[in-house]
2 protein chains.
Amino acid sequence: MVETTTRDRLVNEAMRLFSEQGYRATSVAQIEKAAGLAPGSGALYHHFKSKEALLAAGIDRQLDRRGAMRDVRALFAGLGDLDTELTLLGRYLFAVLDEETQLLQIAARTPADQSARVAAAYAALVDGLCAELADWIAGWAPHLAAADAQRIAVVAVNALLGNRAGRMLYRGVGAQLADEEYLSEWTTLLAVRIRA
Amino acid sequence: MVETTTRDRLVNEAMRLFSEQGYRATSVAQIEKAAGLAPGSGALYHHFKSKEALLAAGIDRQLDRRGAMRDVRALFAGLGDLDTELTLLGRYLFAVLDEETQLLQIAARTPADQSARVAAAYAALVDGLCAELADWIAGWAPHLAAADAQRIAVVAVNALLGNRAGRMLYRGVGAQLADEEYLSEWTTLLAVRIRA
DNA sequence: GTCTATACGCCGATAGAC
DNA sequence: GTCTATCGGCGTATAGAC
């Protein structure tokens, strides 16, 4: 059994509820109840000075969890042929996006002017993924201009992001491809382009 | 000067505000003020029985506007080579997504259980675009299996959707490619794949 | 059809007992 | 640290005058 402080439980439940319902639609009482406190009591305010400070703490924690695993080229280089590495890379990018699902959902459902932190965190995440992928592509295709590798990376990441956005925001509605099937086509698309 | 009824103005302003701020974050008073009525007066309730009925009316209108322009193959077929048609098709898909921006934004910022109508409307839009594109691809590449054409179309539409999602939800934050640059790479990616 | 006035509830946040 | 109790504000929605 993991020892969790009340503060940690509050952050956990708040981020979950924010991602499911949105920031404004989630009440402080609801968060307290989910964390095992009496709903409606101000118990939350002994740990955070306001509801927005709680959101900020959740975003900071999410950003701290990331930051490892910078050099993707070193991780995947030399494992096999282009298609194999590309498939692994695609799975890795999907995994990162899935880990950040809460943040992406909160970002989508929080008006930018209400909390600029979320928008900035999203931008940092996506820009980082694009840069990593562009770096990897440049390593595999030295004949391509750096700008071309960057453009390919942006489109490729957006293709994965669009898939996850559809999943996150409208779960269960509409026909979705299975992950492996989607990644298979994504890989083929990129491999052919990089070789051309 | 276009004759607009108060009811139309209410729908217009409500959809605009919903897409900018989200459904729950937008108050009835705000909608009334934007439509030229006294904020806080219940004047809105003489046109709609509730705030949710107003949202439903907006979604219905948006869905009615669409529905024309079904057969994309007929529109773009025979115009030129594959790259040319693909570029035009990409612009068309972007245009459709842009026209439906309000709906997509509202869908993203409205919890699914709060209004299933929005989620269903989104699913219909994206599924329709995928089917249109798959149809077009199948026409250009008869050697591909129908399932392959469908998979390519799904990834391609998701790539455009991911781009627009980033624009809509986090406007101004993060480096974004210009439309023409993005579409250029998107076209190249697909053209190479279809020819392979 | 639009207004003023208002009912009634929920929300964020605070005060103070234990 | 958590509780009960409560304040002030804003939310949706309604009643009734004009």
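The sequence lines fix the lettering, A, B, ..., with proteins before strands; numbering per chain opens at 1.
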When you compare the side chain of [Y] with that of [X], does any pair of heavy atoms fall below 4.5 Å?
{"X": "A:Trp186", "Y": "A:Leu93", "answer": "yes"}
{"X": "B:Glu52", "Y": "B:Tyr23", "answer": "yes"}
{"X": "A:Leu44", "Y": "A:Leu37", "answer": "no"}

Measure from [atom1] on [X] to [atom2] on [N] and round the result to the nearest Å.
{"X": "A:Gln30", "N": "C:dA13", "atom1": "CD", "atom2": "C1'", "result": "18 Å"}
{"X": "B:Glu32", "N": "D:dT14", "atom1": "CD", "atom2": "P", "result": "13 Å"}
{"X": "B:Ile31", "N": "D:dG11", "atom1": "CD1", "atom2": "P", "result": "11 Å"}
{"X": "B:Leu10", "N": "D:dT12", "atom1": "CG", "atom2": "P", "result": "14 Å"}

Which of these nucleotides, C:dT4, D:dT4, D:dT2, is closest to any side-chain atom of B:Ser41? C:dT4
Of the candidates D:dC3, C:dG12, D:dA13, the side chain of A:Val28 sits closest to C:dG12
Excluding sequence neighbours, so at least two apart, what forms side-chain contact (heavy atoms from CB on, under 4.5 Å) with A:Arg24? A:Gln114, B:Ala25
Compare side-chain N and O positions of B:Ser27 against OP1 and OP2 of D:dC10 and report whether any pair is under 4.0 Å apart.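 No, because none of the side-chain N or O atoms of B:Ser27 sits under 4.0 Å from OP1 or OP2 of D:dC10.
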Indicate whether OP1 or OP2 belonging to D:dT14 is found under 4.0 Å from a side-chain N or O atom of B:Tyr45.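 No, outside the criterion.
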Considering heavy-atom distances to DNA chain D, does A:Gly36 or A:Arg24 have its closest nucleotide positioned more toward the 5' end? A:Gly36
Using the six-membered ring of A:Phe94, assess whether NZ or CZ of A:Arg164 lies under 6.0 Å from its centre and within 45 degrees of the ring axis.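 Because its charged atom sits under 6.0 Å from the ring centre and within 45° of the axis, A:Arg164 does stack over A:Phe94.
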Sequence neighbours excluded and cut-off under 3.5 Å, please list the side-chain donor-acceptor pairs for residues 142-153 of chain A, or say none.
residue: A:Asp148; atom: OD1; partner: A:Arg151; partner atom: NH2; Å: 2.8
residue: A:Arg151; atom: NH1; partner: B:Glu181; partner atom: OE2; Å: 2.6

Using a heavy-atom cut-off of 4.0 Å across all strands, would you classify A:Leu37 as base, sugar-phosphate, or nothing?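 Here A:Leu37 touches the backbone only, sparing every base.
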Contact check, residues 46-55 of chain A vs DNA chain D, heavy-atom distance under 4.0 Å, returns A:His46, A:His47
